[in-house]
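Reminder, nothing fancy here: chain letters follow the sequence lines and each chain counts from 1. Not measured: the values here are computed from a predicted model.
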2 protein chains.
Amino acid sequence: MIKRDKGVTISQVAAEAGVARSSVSRAFRHPDMLLPETVERIMKAAQALGYVPNHTARALSTGRHGNIALVVPDIANPFFPPLIAATQLEADRSDFCVFLGNTEEKPAQEDKLLGRFAGQVEGLVLASPRLSDERILAHAAQRPLVLINRDIKGIPRVLIDSGSGVRQAAEHLAELGHRKIVYVNGPHTSWSNRERRSALRSAARKLGLEIVALPPIVPTYQSGHRTVDAILETGATAAIAFDDITAQGILAGLAEYNVAVPERFSLIGCDDVLGAVTYPALTSVSNRSAEAGRLAVTLLMEALQSGSIREARYVLETHLVVRNTTGPAPA
Amino acid sequence: MIKRDKGVTISQVAAEAGVARSSVSRAFRHPDMLLPETVERIMKAAQALGYVPNHTARALSTGRHGNIALVVPDIANPFFPPLIAATQLEADRSDFCVFLGNTEEKPAQEDKLLGRFAGQVEGLVLASPRLSDERILAHAAQRPLVLINRDIKGIPRVLIDSGSGVRQAAEHLAELGHRKIVYVNGPHTSWSNRERRSALRSAARKLGLEIVALPPIVPTYQSGHRTVDAILETGATAAIAFDDITAQGILAGLAEYNVAVPERFSLIGCDDVLGAVTYPALTSVSNRSAEAGRLAVTLLMEALQSGSIREARYVLETHLVVRNTTGPAPA
DNA sequence: CTGTTAGCGCGTTCAG
DNA sequence: CTGAACGCGCTAACAG
């Protein structure tokens, strides 16, 4: 049992300060239980020795490790970094550290990571899971768990309602005279994708638009690019893509076919993660990912404090951000 | 001391299987020390009770927690997500979990996070630190620490040599007839920035180019955008920006002034994180961030296994990716 | 090969 | 207000 840990322990501090170990512990956790003078002496000794409370030992003793885990399907998708950053910032406010898990869009990897994290965190935030309801419920039964962009009854969840934005997108296209619109599906396990598709379907019905849905894809630039042939074959004059990254691939593909955007074809993305960097600047549905991350952590902290998980379902509405990839339908 | 943990412990499994606790421990950690038959019986009991080894207790006992931490200055900067993903993937191969820290480019936050993580990880990867050498050395003395993009003697480090790519950039511009070039500095605490600037300076000397360096900025789209006035005032015909994000801001700013790129002005970024999504597509210096992340973890794992940190300094070379923001100098 | 026995470092009773 | 003693769950010596 060799340890290279310098490990200044509570006992050493106690010896240095001439008190019992428990007093040292108290000096840190319940300073008001000791004489101010004693506390000061202990603190001084701790400083001198460079004592740092051992997180692990404390966790074993208290059952609280001060960590949470955040699991996302794809860090490289620009939708997530702001969410991750916000999550961390909010966790930090409660002095929690966060484990990050990247599942590469694979349900199995998601399951594995949740299992690995479960043993060392107090709670979990699961963003845009691709896992089945059953598995998620199983994990939620083990530890407090908050969902982002997945609607499972009984589990606290924060939902970014892209439906509202997609509805606006449909109206926008209808006003511009488009009659037939392609929807490029994202992962079929994605709640957001289902929301967007169904919002589009119902809006289309009201507006008298025809919707053609393309098969599910993993949302990447490449996937979007590959889907251009299928889009053009439909004869539609506009498309709404599952997300901006996919839309970006589509935009590139259209350019290669010399299909002018928005003159001959209109395109709308979702999540608005590209800002105005594409050319033409992409019309998109806004995202509120940072807020979602922050809110999820807040809910999780509440659950940890109260010790009980209360039913909660927060919905963040979105809207359409009109830029330059949408225009009147070609004659 | 209330625990809601279902906590099936090793003792319960031992009782169920009719063996000693240590045997249960062995069944998991050193199965070859027990009779296969015994192992099987124990495993069956563990399954039945739903036993899961307690990570924390194990860590306390062994001093090994199976976690590492990765600290980056800005998750939202597209340079980092691939690095983060690669780091995780590589850590996962050794069954390690990773804590992620985002410092928002703030040295103080970096220092704080390193301190918070130190207590619960076996080693650290510190990418593009903004912290002083002294503080980094102090942390490295506590735990095995591997640096990415920071060259401190005595600490294992992986350096992405953007210098080689920047040299090519200078040559490229010289060939196109540019004589006066602006360098838009990144953070002055950034090692990469110093590398790029000095590589550019020395290349310029050889090529007979004049370099004008702008004051350090935090590398963001906004910062780049704000710097356009200063760039144009210099009368230079081309600029090399600290990174792509900054370059993107500059590009937008130039467009607003109706300065045609590359006809009237040439622009080169660094890190090549934007692919061909800007318009015109940005000429940039390649990055090898994913490889750097992977390599850093490999080094860290070696250090953890051997128990000693050996001097190591890996350099990954880069090259110029020519796209459409560079052209002949205006007459 | 297996059971017994100490701790790992800390938080928290329970007496003083 | 303080010190002694126990236990968190597990691992690693040491016996047998």
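Across C/dG9, C/dT12, D/dC10, the shortest atom-to-atom separation from the side chain of A/R29 is found for C/dT12.
Residue pairs meeting the ring-ring contact (aromatic ring centres under 6.0 Å, His included) criterion with at least one partner in residues 84-111 of chain A, sequence neighbours excluded, are A/F99-A/F117, A/F99-B/F99.
Scanning for salt bridge (Lys or Arg N to Asp or Glu O under 4.0 Å) contacts around A/R41 gives an empty result, with sequence neighbours left out. B/Q109 is linked by a side chain to side chain donor-acceptor pair (under 3.5 Å) to nothing, counting only residues two or more places apart in sequence or in another chain.
Of the possible polar contacts, one joining the A/E110 side chain to the A/R130 backbone as a donor-acceptor pair under 3.5 Å is found. The backbone N or O of B/L83 sits less than 3.5 Å from a side-chain atom of B/T87, completing a donor-acceptor pair. B/R64 places no side-chain N or O within 3.5 Å of a backbone atom of B/T62 that could act as its donor or acceptor partner. Between the side chain of A/E122 and the backbone N or O of A/G66 there is at least one donor-acceptor pair closer than 3.5 Å.
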Which protein N or O atoms sit under 3.5 Å from an N or O of nucleotides 1-3 of chain D?
unit_1 : atom_1 : unit_2 : atom_2 : d
D/dT2  : OP1    : A/T38  : OG1    : 2.8
D/dT2  : OP2    : A/L35  : N      : 3.3
D/dG3  : OP2    : A/A20  : N      : 3.0
D/dG3  : OP2    : A/S23  : OG     : 3.2
D/dG3  : N7     : A/S22  : OG     : 3.3
D/dG3  : O6     : A/R26  : NH2    : 2.7

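Rotation axes derived from the C1' atoms of the five outermost pairs at either end of the helix from C/dC1-D/dG16 to C/dG16-D/dC1 lie 40° apart, to the nearest 10°.
Distance CD (B/E37) to P (C/dC1): 12 Å, rounded to an integer number of Å. B/H65 has its NE2 atom 19 Å from the P atom of D/dG9, to the nearest Å. At whole-Å resolution of the value, NE2 in B/H30 and C1' in D/dA13 are 12 Å apart. In this entry the distance linking CZ of B/R58 with P of D/dA12 reads 9 Å, nearest Å. Across the protein-nucleic acid pair, A/L60 atom CG and D/dC8 atom C1' stand 4 Å apart, rounded to whole Å. Atom-to-atom, CZ of B/R64 to P of D/dT11 comes out at 13 Å; the value is rounded to the nearest Å.
Between B/R93 and B/E90 there is a salt bridge, with a side-chain nitrogen of the basic residue lying less than 4.0 Å from a carboxylate oxygen of the acidic one.
Between C/dC10 and A/H55, no contact under 4.0 Å exists linking OP1 or OP2 to a side-chain N or O. The phosphate of C/dG11 has OP1 or OP2 within less than 4.0 Å of a side-chain N or O from A/S25.
As judged by a 4.0 angstrom heavy-atom cut-off over every strand, A/Y51 is placed among residues touching the sugar-phosphate backbone only. Contacts of B/R21 with the nucleic acid, taken as non-hydrogen atoms under 4.0 Å apart, include base atoms.
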Would you tabulate the side-chain donor-acceptor contacts of residues 17-40 of chain A under 3.5 Å, counting partners in other chains and residues two or more places apart, or write 'none'?
none

